[in-house]
Amino acid sequence: MPELAEVEYFRKRWDPGLGRRVTEVRLPRATRPTRGLTAAKLHAALEGRRLRASFAAAKQMAFRFEGGIWLGIHLGMTGRTECVGAEGTPPHEALSLLMSGGRRLVFADPRQFGRVRLWMGPGEPDWWSAIAPAVLSDAFTEEAVAEFLRRRARSPIKAVLLMQERFPGVGNWMADEVLWRAGFHPRAKAGAFGPVSVRRLHATLREVCADALRVIGKDWSDPPDGWLFNHRWEDGGVCPRTRAPLRRAEVGGRTACWSPARQRLGAERR
DNA sequence: ATTCTTGTTGCATC
DNA sequence: AGATGCAACAAGAA
């Protein structure tokens with residue numbers, strides 16, 4: 001589930017821990033997301049440290065503690081964060097931090113595709129600074145998109161939009177939403193996008209990222225009914241703009257949903 | 001019981 | 001060398 005805006009939402013769920021000290025680290029079982037980390041290692045690094053700041057970028061979160069300690073969390077497919085009382089033990093807990101003041105910051109991940117990282121030192125960890133420039137940043141230019149599409153010329157555009165090295169934070173639903181709003185078929189070849197189509201794609205990417213952060217990133221409000229988001233999973237779903245039936249099929253190894261009435265192959269020419 | 005899944009990685013192949 | 005496609009990871013939900 002967690003893409004750009006959901007990650008921003010989950011980042012904020014640990015806000016009650018800001019300024020608080022870590023008093024205890026709990027790793028209930030050796031789960032995949034924590035890999036080689038142990039409770040002892042985490043405790044040695046974090047005990048007594050105050051949580052100073054948190055960041056979200058792409059599909060990752062970083063929590064910075066006193067002393068240059070960084071805790072990185074990738075939510076994978078089913079990860080989530082929450083803040084509970086000291087006694088709480090949510091199901092599928094992979095890691096939690098008991099904080100001064102008596103609250104517990106929890107990372108839970110039933111399907112265990114998430115990832116927890118620990119880093120200490122001056123500056124930023126590599127896994128943080130290596131994240132590609134945000135879609136909403138000045139560095140995300142039309143030329144960068146055009147160049148990337150040229151290199152992936154034979155791949156379907158849907159698959160290309162899922163590549164984090166250029167479209168950080170875009171996941172399955174956001175890619176479908178972008179293509180639907182912009183009127184491009186998910187199977188259109190990336191190489192077929194000329195300057196006019198690239199411009200349209202670039203603008204729509206920015207629009208969807210901004211909308212998602214405003215609605216879902218803020219407080220997980222329900223997206224407006226006019227978004228594809230609300231219709232893409234229901235069987236017999238209907239395009240909110242044309243009222244024509246939506247189609248679903250696998251594209252680039254993932255389920256894609258589109259509106260045949262307004263997303264035709266060939267529209268990406270020029 | 002079977003099939004589905006909003007992510008990423010590593011490997012085989014082109 | 002770089003691009004492309006796909007299985008694998010794991011477990012809950014429908």
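Owing to the predicted nature of the structure, the values given are computational and were not obtained by experimental measurement. Lettering of chains follows the sequences in order, A, B, ..., and the numbering in each one begins at 1.
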So, is A/His74 near the phosphate of B/dG7, with a side-chain N or O under 4.0 Å from OP1 or OP2?
no

Look at A/Gln112 and C/dC9 and indicate whether a side-chain polar atom (N or O) is within less than 4.0 Å of OP1 or OP2.
no

Taking atom CG as the centre, does A/Asp138 end up with more than 12 heavy-atom neighbours from other residues, nucleotides or ligands that are less than 6.0 angstrom away?
no

Measure CD/A/Gln60 against C1'/B/dT9 and give the value in whole Å, please.
14 Å

Does the side-chain ring of A/Phe113 sit on the six-membered ring of the C/dC9 base, less than 5.5 Å centre to centre and under 30° in tilt?
yes

Determine whether a donor-acceptor pair (N or O, by modelled atom type, separation under 3.5 Å) exists between the side chain of A/Glu24 and the backbone of A/Leu97.
no

Separation of B/dT13 P from A/Arg154 CZ (nearest whole Å)
17 Å

Taking OP1 and OP2 of B/dT8, is either one under 4.0 Å from a side-chain nitrogen or oxygen of A/Gln164?
yes

Between A/Arg115 and B/dT8, is there a contact of a side-chain N or O with OP1 or OP2 at under 4.0 Å?
no

Compare side-chain N and O positions of A/Arg254 against OP1 and OP2 of B/dT5 and report whether any pair is under 4.0 Å apart.
no

What distance, rounded to whole Å, do you find between the two P atoms, one in B/dT3 and one in C/dA7?
15 Å

Out of B/dT5, C/dA3, B/dT8, which nucleotide sits closest to the side chain of A/Arg152?
C/dA3

Does B/dC14 have a Watson-Crick or wobble partner in any strand here, with both distances under 3.5 angstrom, and which is it?
C/dG2

Is A/Gly171 touching bases, backbone alone, or none of the nucleic acid, heavy atoms closer than 4.0 Å?
sugar-phosphate

How about A/Leu75 and A/Lys59: do any of their side-chain heavy atoms sit closer than 4.5 Å?
no

Backbone N or O of A/Phe229 within a donor-acceptor pair of the A/Glu177 side chain at under 3.5 Å?
yes

Between C/dC6 and B/dC4, how far is it from one P atom to the other, in whole Å?
16 Å

Residues A/Glu165, A/Arg152: salt bridge by 4.0 Å N-O rule
yes

A/Glu165 CD to B/dG7 P, in whole Å, measures 15 Å

C/dA3 OP1/OP2 closer than 4.0 Å to side-chain N/O of A/Arg151:
yes

A/Glu234 has an atom CD; how far is it from atom P of C/dA14, in whole Å?
15 Å

Length of the CG-C1' vector between A/Asn172 and B/dT5, whole Å
9 Å

Rounded to the nearest Å, what distance is computed from the CH2 atom of residue A/Trp233 to the P atom of nucleotide B/dT3?
18 Å

Looking across every strand, which nucleic acid part, if any, lies under 4.0 Å from A/Ala159 by heavy atom: base, sugar-phosphate, or nothing?
nothing

I want to check something: taking the side chain as every heavy atom from C-beta on, are A/Val116 and A/Arg35 in contact at a cut-off of under 4.5 Å?
no

Rounded to whole angstroms, how far apart are CZ on A/Arg150 and C1' on C/dG2?
16 Å

Atom-pair distance (CE on A/Met163; C1' on C/dG5), nearest Å
10 Å

